[in-house]
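Within every chain, numbering begins at 1; the chains are lettered A, B, ... in the order of the sequence lines, protein sequences first and strands thereafter.
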There are 2 protein chains.
Amino acid sequence: MRSVEDLVRLFRERGYKVTPQRRLIFELLAGDRSHPTAEEIYQRVRAVMPEVSRTTVYNTLRELITLGELRPVENLSEGGTRYDTNTTHHHHLFCVQCHALIDIDREFEGIELPPEEAAGFRLVNYQVTFYGYCPDCQRADGGRPSQGKE
Amino acid sequence: MRSVEDLVRLFRERGYKVTPQRRLIFELLAGDRSHPTAEEIYQRVRAVMPEVSRTTVYNTLRELITLGELRPVENLSEGGTRYDTNTTHHHHLFCVQCHALIDIDREFEGIELPPEEAAGFRLVNYQVTFYGYCPDCQRADGGRPSQGKE
DNA sequence: GTTTCTGCAAACGGTTTGCACGGCC
DNA sequence: GGCCGTGCAAACCGTTTGCAGAAAC
């Protein structure tokens, strides 16, 4: 995702109006690496502009996705869709307990599907997701594979 | 997922009753490789026993998941959670247009996250998802990356 | 001044829950 | 006969939609 100023320019170019609400959402997302849900973004927005509606948040997220500046993360369990400001090819590291989600920017060699195993698909991308327990969750319960908080 | 008979035995062992509804769901899932949604399973069930409720389907799916005989697929776009009868470590091939989902049973070498990149996580698993266009969708529109049916 | 956006409320789709009846063991 | 499972309807949660008034350009 680009800078706030670039997003403003992009929106104007495409005929989208730049409202204070949208500008605020740009500001909150531009430097974000936390993969927030729509609800989390809504709460952050409301901390600054309490009268903003969920509708506006959802509208703006949809527009950013349409413009390729934001990407919904292929869903990792409940709590709603999470949004990724990193729209380039990358991988994920996911805590199965607290649902922390971290970007992995490095590439992996040898992930290729020979044609005879590709079932006739024309491949365009792939993504690796690592599942595990983050440092906090290991500390909290000895790192055993328990679900939820105990 | 085991055979129908094994599932019946497993349910009895664990104190779950084996009703005709549950047995039918076992039969429909035991050989399935199609990663159906709850709704698809419900429709298949109703084709045989029209009076079965969605509640019973959802209950039985939850029990199978609890017993480790079924696994929800980390969500790949809309239409509801899909269920995987293959509960062993494997990967997926996904058509971004028609949402066909195919198991890849082969292993990949070199997918390892050195500790310094693992952010302190204790890793337990990883999964590769390949995205592309299935043969049918390539045929239907020349394989260009368009969304939906045209 | 026109067109788009906003915020409200209602609708929506997938899933879960509360509850009384019914069937398994 | 006791208890668990079933089916119905309503609740639920994240998201989308319809609409009238308000604001960007």
Side-chain angles (χ1 to χ4, degrees), chain A residues 4 7-26 28 35-46 48-67 70-83 99 147-148, chain B residues 7-26 35-46 48-67 70-83 99 147-148:
Chain A
V4 175
L7 291 174
V8 167
R9 229 169 281 130
L10 179 64
F11 262 51
R12 291 231 164 88
E13 263 171 35
R14 303 303 178 92
Y16 294 111
K17 291 177 179 172
V18 177
T19 64
Q21 292 92 327
R22 286 180 175 172
R23 185 184 286 271
L24 173 56
I25 295 170
F26 296 170
L28 291 173
H35 308 89
T37 62
E39 182 64 22
E40 286 166 349
I41 296 164
Y42 172 63
Q43 295 302 338
R44 295 177 198 175
V45 168
R46 272 173 56 105
V48 182
M49 289 180 65
E51 69 288 0
V52 174
S53 69
R54 280 189 182 79
T55 304
T56 296
V57 172
Y58 278 108
N59 283 343
T60 306
L61 294 178
R62 182 167 8 86
E63 290 147 6
L64 286 167
I65 291 167
T66 301
L67 296 175
L70 192 66
R71 205 193 276 200
V73 177
E74 299 298 356
N75 229 357
L76 299 158
S77 65
E78 67 287 330
T81 304
R82 298 172 68 164
Y83 297 92
H99 302 169
Q147 293 287 64
Chain B
L7 292 173
V8 166
R9 230 169 280 131
L10 180 64
F11 263 51
R12 292 231 163 90
E13 263 171 36
R14 303 304 177 95
Y16 294 111
K17 292 178 179 169
V18 177
T19 64
Q21 291 92 329
R22 286 180 176 172
R23 185 185 287 271
L24 173 57
I25 294 171
F26 296 170
H35 307 91
T37 62
E39 183 64 22
E40 286 165 349
I41 296 164
Y42 172 64
Q43 294 303 338
R44 295 177 199 175
V45 167
R46 272 174 55 105
V48 182
M49 290 181 61
E51 69 287 1
V52 174
S53 69
R54 280 188 183 80
T55 305
T56 296
V57 172
Y58 278 107
N59 284 343
T60 306
L61 294 178
R62 181 167 8 87
E63 289 146 7
L64 286 167
I65 291 166
T66 302
L67 296 175
L70 193 65
R71 205 192 277 200
V73 177
E74 300 300 355
N75 229 356
L76 297 158
S77 66
E78 67 287 330
T81 304
R82 298 171 68 165
Y83 297 92
H99 302 169
Q147 295 287 64

Using heavy atoms to find the nearest nucleotide of DNA chain C for B/Y58 and A/T60 separately, return the residue whose nucleotide is more 5′. A/T60

At a cut-off of 3.5 Å, list every protein nitrogen or oxygen paired with a nitrogen or oxygen from nucleotides 8-12 of chain C, distance to 0.1 Å.
from	atom 1	to	atom 2	distance (Å)
C/dC8	N4	A/T55	OG1	3.1

Does B/E40 use its side chain to pair, donor to acceptor, with the backbone of B/T37 at less than 3.5 Å? yes

Less than 4.0 Å between a side-chain N and a carboxylate O, is that true for B/E63 and B/R14? no

Below 4.5 Å, heavy atoms only, C-beta onward: do B/V18 and B/R12 meet side chain to side chain? yes

Any side-chain heavy atom of A/Y83 within less than 4.5 Å of one from A/L64? no

So CG of A/L28 and OG1 of A/T60: to nearest 0.5 Å the spacing works out to 11.0 Å

Working to the nearest 0.5 Å, report the span between OG1 of B/T56 and CG of B/L24. 11.0 Å

Select base, sugar-phosphate, or nothing to describe what A/R12 touches, counting heavy atoms under 4.0 Å on all strands. sugar-phosphate

Base, sugar-phosphate alone, or nothing: which one does A/P20 contact when heavy atoms must sit under 4.0 Å apart? sugar-phosphate

Whole angstrom is fine here: how far is it from [atom1] in [X] over to [atom2] in [N]?
X: B/R62; N: C/dT15; atom1: CZ; atom2: P; answer: 12 Å
X: B/R54; N: D/dC8; atom1: CZ; atom2: P; answer: 11 Å
X: A/R23; N: C/dT6; atom1: CZ; atom2: P; answer: 13 Å
X: B/M49; N: D/dG5; atom1: CE; atom2: P; answer: 15 Å
X: B/E40; N: C/dG13; atom1: CD; atom2: P; answer: 16 Å
X: B/L24; N: D/dG5; atom1: CG; atom2: P; answer: 17 Å
X: A/E39; N: D/dT15; atom1: CD; atom2: P; answer: 9 Å
X: A/I65; N: D/dT15; atom1: CD1; atom2: P; answer: 10 Å

Could you report the tightest heavy-atom contact between B/R82 and B/H35, atom names first, then the distance? NE-O, 3.0 Å

Over 60° means perpendicular and under 30° means parallel, so classify the ring planes of B/F11 and B/F26, tilted if in between. perpendicular

Closest-nucleotide 5' rank along DNA chain D - winner of A/Y83 and B/T19: B/T19

Side chain of B/R22 (C-beta onward), nearest among C/dG14, C/dT6, D/dT6: D/dT6

Could you work out which one of C/dG7, D/dT15, D/dG7 sits closest to the side chain of A/Q21? C/dG7

Just how large is the angle between the end axes of the helix from C/dG1-D/dC25 to C/dC25-D/dG1, five pairs per end, to 10 degrees? 30°

Could you tell me whether the side chains of B/Y42 and B/R46 share a donor-acceptor contact shorter than 3.5 Å? yes

